There are 2 protein chains.
Amino acid sequence: MITLTERQSLILKAIVRDYTEGGNPVGSKSLVQELPMKVSSATIRNEMARLEDLGLIVKTHLSSGRIPSIKGYRYYVDHILKPEKVDGQDLKVIQHSLGGEFHKIDEIVAQSADILSQLTSYTTFTLRPELKDSRLSGFRLVPLGNHQVMAILVTNNGDVENQTFTIPNDLTGDELEPVVRFIDDQLIGLPLQDVLRKLQKEIPLKLAKYLQDPDGFLDIFGSVLSKAASERFYVGGKLNLFNYTNQQNPKELQSLYSLLDQTDSLANVIGPPGQHIQVRIGNEITNDLLKDYSLITATYDVDRHGKGMIAILGPTAMPYSRMIGLMGAFQRELARKLLDYYRYFDE
Amino acid sequence: MITLTERQSLILKAIVRDYTEGGNPVGSKSLVQELPMKVSSATIRNEMARLEDLGLIVKTHLSSGRIPSIKGYRYYVDHILKPEKVDGQDLKVIQHSLGGEFHKIDEIVAQSADILSQLTSYTTFTLRPELKDSRLSGFRLVPLGNHQVMAILVTNNGDVENQTFTIPNDLTGDELEPVVRFIDDQLIGLPLQDVLRKLQKEIPLKLAKYLQDPDGFLDIFGSVLSKAASERFYVGGKLNLFNYTNQQNPKELQSLYSLLDQTDSLANVIGPPGQHIQVRIGNEITNDLLKDYSLITATYDVDRHGKGMIAILGPTAMPYSRMIGLMGAFQRELARKLLDYYRYFDE
DNA sequence: ATTAGCACTCTTATCATCAGAGTGCTAATG
DNA sequence: CATTAGCACTCTGATGATAAGAGTGCTAAT
């Protein structure tokens with residue numbers, strides 16, 4: 001366990017701040033002016049040598065200034081940093097952007113990714129509240145004529161999912177009615193997970209009484225059901241990658257960029273909702289492509305409607321203090337907005 | 001009007017091919033070996049000087065080899081190139097990818113952009129057949145409970161558009177029925193454009209007889225209607241940009257990349273459906289960001305269901321011959337597939 | 001414990017040099 | 001007259017030398 005003296009701590013803090021803002025290695029002379037106490041550059045050099053021994057800062061070459069190591073950022077984040085109070089202007093932007101009218105949870109969560117990316121100039125990820133407690137609350141089959149039927153599924157959270165299918169011969173509403181009633185009788189009120197399970201086993205058998213050829217219908221129902229039960233993951237500010245990357249190699253840039261389209265890989269990296277706010281720096285991120293970046297994740301809690309996540313991806317040299325303050329504020333605002341939204345469907 | 005001798009034509013062709021394949025300026029010595037006739041490098045140099053006077057090829061510096069100018073590519077495309085017969089393997093890929101079952105036109109057209117980008121390694125655009133002749137063939141309002149209603153709109157082409165709305169107080173199907181019947185009576189069978197027009201004028205007045213507060217409903221109907229009437233534009237292989245760009249500047253790359261997300265700007269560049277296959281090279285493209293690239297557009301024709309477009313964006317140094325062959329084949333296959341699809345709704 | 005001073009290291013920019021590739025021109029050739 | 005061999009000339013790109021600037025580590029003095 002590393003313990004730093006007051007002065008060492010101040011020096012590390014100054015190095016992190018300087019490097020984060022200016023992007024250049026920090027030398028002893030420039031630190032003289034920035035530190036609150038009056039010391040010479042030689043003293044600072046001595047202290048820096050100790051910090052280097054501890055592995056908190058490194059040189060880029062033998063006689064260069066120092067930059068924080070991953071361990072240094074870690075120490076800074078864990079022991080030195082204080083979350084910055086969120087800027088009043090930023091808070092207004094958040095509240096205003098979330099204040100509009102939305103028709104879907106997913107719209108809110110997707111928009112959150114965009115706002116957050118605008119505020120930070122980084123890339124952001126948002127995950128809607130977990131669906132594990134979602135229950136099936138309605139199912140409809142709407143014949144549209146022209147060999148087409150739309151299947152609509154509603155959950156108790158107000159989520160609506162639909163899909164249109166082409167069928168061989170036109171059906172009327174009357175023919176579909178017994179099927180819908182069967183679903184209503186047997187499955188309404190069950191968690192989606194249970195419905196998915198039953199779909200594999202009992203339902204096909206029972207349904208055979210109502211329909212001669214249940215396969216087609218089962219495909220339709222299964223398809224729209226799994227659409228509703230899948231996790232939804234949103235990415236904001238993909239293009240911002242170009243602002244904060246120091247990757248020059250176009251090949252690397254491309255694979256990095258395409259990672260941002262692989263929502264399943266990313267969902268793994270972000271991990272399941274946890275506690276509060278987490279900072280992962282450099283190789284602490286479980287994806288080699290991101291080993292030169294930092295990831296801040298925050299879990300927001302919408303009571304019994306589950307937990308969701310927001311995250312930002314940026315350079316290791318990011319203004320952690322401001323970012324963490326911002327995440328905290330966003331987390332609260334988003335949770336509030338969603339609670340508000342759900343209130344409709346709770347009555 | 002430029003006319004080239006047989007030999008000059010062969011030299012230009014060889015320069016285009018060499019540069020397209022190798023990416024390096026082409027010198028007189030390397031051409032000696034590639035030309036079918038037996039001439040010395042000095043002769044070729046003389047011919048090249050003439051081609052340069054005509055503005056068909058240029059030097060990158062005083063003593064470099066030559067590369068085709070935009071005018072040179074133009075001449076090559078217009079007078080020399082023969083469309084390459086499409087590779088059997090490629091044709092199979094196209095037919096197989098379009099062979100599956102689709103539930104929507106837009107799925108087919110979107111998938112086309114992806115296939116084409118895979119086959120070419122470039123960026124591709126597709127535009128669904130024009131909707132100007134689309135007519136309204138059905139409208140539904142489905143109450144979902146929980147303050148939600150889904151509006152569904154169907155056109156005679158089988159296109160289905162829907163949107164879910166949150167409403168202040170729950171309505172039953174009975175209350176919505178007169179509205180739906182009103183729409184059915186007054187608007188079914190009309191072109192979407194006419195419906196849009198009427199929505200501005202007569203409808204609000206007439207509707208007042210059925211509903212106390214028609215504004216909410218008009219918003220809903222208008223929203224889903226304009227969704228159905230809007231042009232749909234798909235982009236494939238955005239990431240391929242990194243393969244063929246020679247842009248190094250990250251700022252430029254970023255604005256180029258973000259252009260690929262602005263479907264309306266792009267739709268303008270691609271232009272309305274025209275005749276056959278068109279090649280636009282460098283500054284012939286009406287967008288300054290694309291002045292170092294080439295665009296090949298092709299119009300496909302689905303009889304009375306209108307015309308759509310496919311396009312590929314690549315470097316000016318692209319294998320035009322192969323690309324044009326490919327576009328021709330794709331154009332035919334796509335038109336066939338869509339005719340097939342529409343046959344359902346024509347009965 | 002702190003500091004001044006200095007030798008040392010490494011980066012970065014600038015400049016000269018040189019081989020390689022290609023051209024244009026001239027004079028010779030069929 | 002078209003073609004060709006030969007040669008001087010130009011430009012690129014790689015390599016290496018040089019010098020200024022920034023920063024360090026160490027020593028000796030305070």
Side-chain angles (χ1 to χ4, degrees), chain A residues 3-12 14-69 72 246 248 317, chain B residues 3-12 14-69 72 246 248 317:
Chain A
T3 326
L4 297 187
T5 66
E6 178 69 16
R7 190 167 67 188
Q8 286 166 344
S9 194
L10 282 170
I11 291 176
L12 179 56
I15 291 175
V16 168
R17 206 196 46 209
D18 267 31
Y19 183 61
T20 293
E21 285 172 8
N24 295 316
V26 187
S28 51
K29 278 179 201 156
S30 62
L31 283 176
V32 171
Q33 296 147 37
E34 306 204 17
L35 287 177
M37 59 272 197
K38 195 171 144 287
V39 284
S40 76
S41 65
T43 307
I44 295 181
R45 279 202 289 285
N46 289 334
E47 293 283 40
M48 284 168 93
R50 250 161 282 163
L51 289 175
E52 187 169 9
D53 288 343
L54 292 170
L56 298 177
I57 56 180
V58 293
K59 297 191 262 227
T60 59
H61 58 88
L62 191 58
S63 69
S64 75
R66 308 300 215 293
I67 65 175
S69 68
N246 33 36
Q248 292 300 321
Chain B
T3 325
L4 298 187
T5 65
E6 177 70 15
R7 191 167 68 188
Q8 286 166 344
S9 193
L10 282 170
I11 290 177
L12 178 56
I15 291 176
V16 169
R17 206 195 46 210
D18 267 30
Y19 182 62
T20 294
E21 286 171 8
N24 295 316
V26 187
S28 52
K29 278 177 200 159
S30 62
L31 283 176
V32 171
Q33 295 148 37
E34 307 203 16
L35 287 176
M37 59 272 197
K38 196 171 143 289
V39 284
S40 77
S41 65
T43 307
I44 296 181
R45 278 203 289 285
N46 289 333
E47 293 284 39
M48 284 167 92
R50 249 161 283 161
L51 289 175
E52 188 169 8
D53 287 343
L54 293 170
L56 298 176
I57 57 180
V58 293
K59 296 192 262 225
T60 59
H61 59 88
L62 191 58
S63 70
S64 75
R66 307 302 214 295
I67 65 175
S69 69
N246 33 35
Q248 292 299 321

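This structure is a prediction, so every number in the text was calculated from the model and none was measured. By convention in this document, chain letters (A, B, ...) are assigned in the order of the sequence lines, proteins followed by strands, and residues within each chain are numbered from 1.
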Spacing of CD1 belonging to A/Ile57 relative to CZ belonging to A/Arg50, to within rounding of 0.5 Å: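 Reported to 0.5 Å precision, the distance equals 11.5 Å.
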Separation of A/Asp18 CG from A/Glu34 CD (nearest 0.5 Å): 3.5 Å
Considering all heavy atoms, the nearest [X]-[Y] contact:
{"X": "B/Glu47", "Y": "B/Thr5", "answer": "OE2-OG1, 4.5 Å"}
{"X": "B/Val16", "Y": "B/Pro68", "answer": "CG2-CG, 3.8 Å"}
{"X": "A/Pro25", "Y": "A/Thr60", "answer": "CG-CG2, 4.2 Å"}
{"X": "A/Val39", "Y": "A/Val32", "answer": "O-CG1, 3.6 Å"}
{"X": "A/Leu35", "Y": "A/Leu10", "answer": "CD2-O, 3.9 Å"}

DNA chain D: stems of at least 3 consecutive Watson-Crick or G-U pairs whose donor-acceptor distances fall under 3.5 Å: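 Expected stems, ordered by start: C:1-30 with D:1-30.
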Atom-to-atom span, CD1 of A/Ile11 to P of C/dT2 - whole angstrom: 10 Å
Integer-rounded Å distance: C/dA1 P and A/Arg7 CZ: 10 Å
Closest-nucleotide 5' rank along DNA chain D - winner of B/Glu47 and A/Val26: B/Glu47
Is there any protein nitrogen or oxygen under 3.5 Å from a nitrogen or oxygen in nucleotides 13-17 of chain C, and what are the pairs?
none

Start and end of the DNA chain D segment that chain B contacts, any atom under 4.0 Å from a heavy atom: D/dT3 to D/dT12
Show me the protein contacts with nucleotides 9-12 of chain C, counting only N or O atoms at under 3.5 Å.
from	atom 1	to	atom 2	distance (Å)
C/dT9	O2	A/Ser63	OG	2.4
C/dC10	O4'	A/Ser63	OG	3.2
C/dC10	O3'	A/His61	ND1	3.2

Donor-acceptor contact present, side-chain A/Ser69 to main-chain A/Gly55, <3.5 Å: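 Answer holds: yes.
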Qualifying side chain to side chain donor-acceptor pair (under 3.5 Å) pairs, either residue in residues 20-32 of chain B, two or more places apart: B/Ser28-B/Arg45
Heavy-atom check, side chain of A/Ile67 versus side chain of A/Val58, under 4.5 Å: yes
A/Leu56 vs A/Gln8 side-chain heavy atoms within contact, under 4.5 Å: no
Residues in contact with DNA chain C, drawn from residues 29-39 of chain B - heavy-atom cutoff 4.0 Å: none
